Amino acid sequence: MNTYPKTEKYESKWIEENWMGPNPLQLLEELCNNMNLSPGMKVLDMGCGKGLTSIFLAKEFDVTVFANDLWIDPTENLERFKEAGVDDKVFPLKAEAHGLPYAEGFFDAAIAIDSYQYYGADEIYFPVTFSKLVKQGGQFGIVCPGLMQEFKKGYPETHESFWYEDMFSFHSADWWKNLWEKTELVDITSCYNIPDAKKIWYSWAHWARENLGYLKDEVGFDDIEFLDADTEDQITLLAMTAVKK
Ligand SMILES: C[S@@+](CC[C@H](N)C(=O)[O-])C[C@H]1O[C@@H](n2cnc3c(N)ncnc32)[C@H](O)[C@@H]1O
């Protein structure tokens with residue numbers, strides 16, 4: 001299993017109180033191994049959820065973070081940033097991905113952990129919106145749930161009864177790479193399936209079964225059933241980074 005020494009400094013209990021999917025700090029640490037973040041940079045944390053990743057970015061890299069989310073109240077996030085002692089460096093905002101309030105070229109980097117697949121999996125989101133947020137030479141990094149390869153129906157046969165609408169934005173690393181690369185706006189610096197992705201996902205899935213039983217009632221299955229069905233190992237978490245030309 002990959003090790004994530006920076007993540008290990010944070011209490012599991014605190015992570016579990018605030019995570020909204022597979023351990024976002026491990027996913028972010030994995031991503032940051034392929035990025036160059038340095039003190040004073042301005043970083044957009046898109047879909048920051050409860051702000052764990054925003055706190056991590058401020059503490060580990062001494063960057064200024066715009067913690068942007070839709071579902072989570074920014075006032076609630078501000079309290080977490082105060083408790084973590086980073087409210088001078090992390091600014092909570094609520095904005096939908098297609099109506100962002102930022103100036104073009106404002107950020108040194110924009111990242112999204114387990115979020116970009118909700119709004120960025122079409123042909124135009126990157127060239128029309130996301131790419132413009134970052135200055136020339138600036139960096140992008142995303143981690144998304146995905147597939148080991150593309151399937152004609154959009155999903156592996158093992159998952160016929162599991163695939164609901166949101167999941168049609170699950171794609172392979174090559175698919176994501178092509179989505180950004182063909183715009184000729186960026187150089188892709190890494191794009192790969194995270195080693196031990198399913199172990200990371202299972203840790204969340206076990207916690208969610210214990211603590212969020214209602215999700216199964218809403219969706220019809222839970223993440224353990226979803227992962228257990230993956231007998232052909234086609235489900236993954238992938239990371240992609242890029243630099244703006
Ligand atoms: C699965 S949660 C992940 C949250 C956090 N990054 C984490 O890993 O704990 C996905 C996040 O994406 C955000 N999101 C989804 N659709 C969005 C949109 N259209 N615009 C902005 N944020 C969005 C949600 O608000 C949500 O907090």
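Please read all numbers here as calculations on a predicted model, not as lab measurements. For ligands, and for the atoms within them, numbers begin at 1 and follow the listed sequence. Worth knowing before you read on, the calculation uses all heavy atoms, side chains too, and leaves out hydrogens, waters and symmetry mates.
- At a heavy-atom cutoff of 4.0 Å, ligand 1 is surrounded by Met20, Pro24, Gly47, Cys48, Gly49, Asp69, Leu70, Trp71, Ala95, Glu96, Ala97, Ile113, Asp114, Ser115, Tyr118, Tyr119.
- Judged by a 6.0 Å distance limit and a 45° cone about the ring axis, Lys244 is not positioned over the six-membered ring of Phe140.
- Side chains of Phe61 and Lys6 form a contact here, defined as non-hydrogen atoms less than 4.5 Å apart.
- Centroid-to-centroid, the aromatic rings of Trp175 and Phe151 stay 6.0 Å apart or farther.
- Ion pairing between Lys13 and Glu16 fails under the 4.0 Å rule for side-chain N and carboxylate O.
- Residue pairs satisfying the ring-ring contact (aromatic ring centres under 6.0 Å, His included) criterion with at least one member in residues 69-88, sequence neighbours excluded, are listed as follows: Trp71-Tyr118.
- Taking each heavy atom of Leu147 and Gly154 in turn, the nearest pair found is CD1-O, 3.6 Å.
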